[in-house]
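Below you'll find the structure, written out as structure tokens, and then a few comments.
Whatever order the structure lists them in is the order used to number ligands and atoms, beginning at 1. No experiment lies behind these values; they were computed from the predicted model shown.
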Amino acid sequence: MTTILVLNGPNLGRLGAREPEVYGSETLADIGARIEASVPDGIHIDLRQTEDESELIGWLYEAVDRGTPVVLNPAAFTHYSYGLRDAAALLKQAGVPLIEVHLSNPHAREAFRHTSVISAVASGVIAGFGADSYLLAVEQIVRLIGASDARA
Ligand code: DQA
């Protein structure tokens, strides 16, 4: 069984009720269920959410130590958390994939959302497709894992 961590930053626990015109009407649990339904057998989705920067950093350490690939929606931390960025850089250094996702397209929104301090150390970024951003990211992680298995 291969685990993919799907990590979520602040206020994403309020999806469904939070600005549905921007983020859609699905809850994070709904999105988790859709991801689980989409993955091949043998892939386990571990979905987590926190308001706490240090908890999120701890989860990235866990991913580094276990070699677990990550789909990360850093939410507002995207735009200013150098601590989170430095933790994400550890995944890059370890060769563990991390895909940054956003439900909305931050570049089409307020200026403060145009900067991501995470993107430069992410394997890639998927944004603007609502909950499908997560599904696309998980699909790509599965592809990347398959590719690295094939090389092994
Ligand atoms: C978000 C975009 C961020 O700017 C915002 O702070 C969020 C959600 C997104 O998924 O579109 O909380 O990461």
Task: Distance from atom 1 (C) of ligand 1 to nearest protein heavy atom, with residue and atom - done: His102 ND1, 3.7 Å
Task: 4.5 Å side-chain heavy-atom contact, Ser133 and His102 - done: no
Task: Atom indices of ligand 1 within 4.0 angstrom of Ala76 heavy atoms, with elements - done: 6 (O), 12 (O)
Open item on the list: I'd like to know whether ligand 1 has Arg18 as a neighbour, heavy-atom separation below 4.0 Å.
Closed with: yes
TODO: Check whether any N or O atom of Thr78, backbone or side chain, sits under 3.5 Å from an N or O atom of ligand 1, and answer yes or no.
DONE: no
Open item on the list: Quick one, Arg48 with Glu62, criterion salt bridge (Lys or Arg N to Asp or Glu O under 4.0 Å). Give me CA distance, side-chain angles, the key distance, then yes/no.
Closed with: CA-CA 13 Å; Arg48 305 180 192 176; Glu62 190 184 317; 2.9 Å; yes
Open item on the list: Taking a cutoff of less than 4.0 Å between a non-hydrogen atom of the residue and any ligand atom, is Asn11 in contact with ligand 1?
Closed with: no
Open item on the list: If the cut-off is 4.0 Å to any non-hydrogen atom of Ser104, which atoms of ligand 1 fall inside it?
Closed with: 2 (C), 9 (C), 11 (O)
- [ ] Decide yes or no for Ser104 and Arg109: does some side-chain heavy atom of the first lie under 4.5 Å from some side-chain heavy atom of the second?
- [x] yes
Task: Under 4.0 Å to a heavy atom of His79 - the qualifying atoms of ligand 1, by number - done: 3 (C), 4 (O)
- [ ] May I ask you to check whether Pro106 has an N/O atom sitting below 3.5 Å from an N/O atom of ligand 1?
- [x] no
Task: Inter- and intrachain pairs under ring-ring contact (aromatic ring centres under 6.0 Å, His included), touching residues 14-71, at least two apart - done: none
TODO: Kindly check if the number of other-residue, nucleotide or ligand heavy atoms within 6.0 Å of OH (Tyr82) is above 12?
DONE: no
Open item on the list: If you measure every N or O of Leu103 against every N or O of ligand 1, does any of those distances drop under 3.5 Å?
Closed with: yes
Task: Nearest candidate to atom 5 (C) of ligand 1, where distance is taken over non-hydrogen atoms, out of Arg109, Arg113, Glu19 - done: Arg113
Task: Modelled atom types, side-chain donor and acceptor of Thr78 and Glu100, under 3.5 Å - done: no
Open item on the list: Could you tell me if the side chain of Val39 sits less than 4.5 Å from the side chain of Ile45, heavy atoms only?
Closed with: yes
